[in-house]
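There's a structure below that I have some questions on.
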Amino acid sequence: MNEQLLPLAVWLQVTFAEWRTKAVTTWEHRADESGVDEAVTKMIWLAVGVTVALLATAFFTAKFNAAKAKVPNP
């Protein structure tokens with residue numbers, strides 16, 4: 001390997017290793033469900049999902065109706 005690129009390769013390897021370690025730690029921390037009431041958490045995520053779905057439906061319906069109004073009658 002070129003001597004000029006070696007520090008870059010080392011830096012990338014160290015950075016990737018740190019990111020991987022953080023990802024593994026985060027994954028293990030999130031997998032630990034001690035003290036978390038699963039039913040409440042699921043209900044909150046369900047409410048968020050329904051809200052996002054309703055907002056997306058309203059947005060696309062409004063866009064569709066606006067586009068439909070711009071099309072002339074034959």
Donor-acceptor contacts under 3.5 Å from residues 51-63 side chains, at least two apart:
unit_1: Thr51; atom_1: OG1; unit_2: Ala47; atom_2: O; d: 2.8
unit_1: Thr57; atom_1: OG1; unit_2: Ala53; atom_2: O; d: 2.8
unit_1: Thr61; atom_1: OG1; unit_2: Thr57; atom_2: O; d: 2.7

Restricting to side chain to side chain contact (heavy atoms under 4.5 Å, CB included), what partner residues turn up for Lys68, sequence neighbours left out? Phe64, Asn65
Just distance, no hydrogens or angles: give the donor-acceptor pairs under 3.5 Å from side chains in residues 10-19, sequence neighbours left out.
unit_1: Thr15; atom_1: OG1; unit_2: Trp11; atom_2: O; d: 2.8

Is there side-chain contact between Arg20 and Val24, with heavy atoms separated by less than 4.5 Å? yes
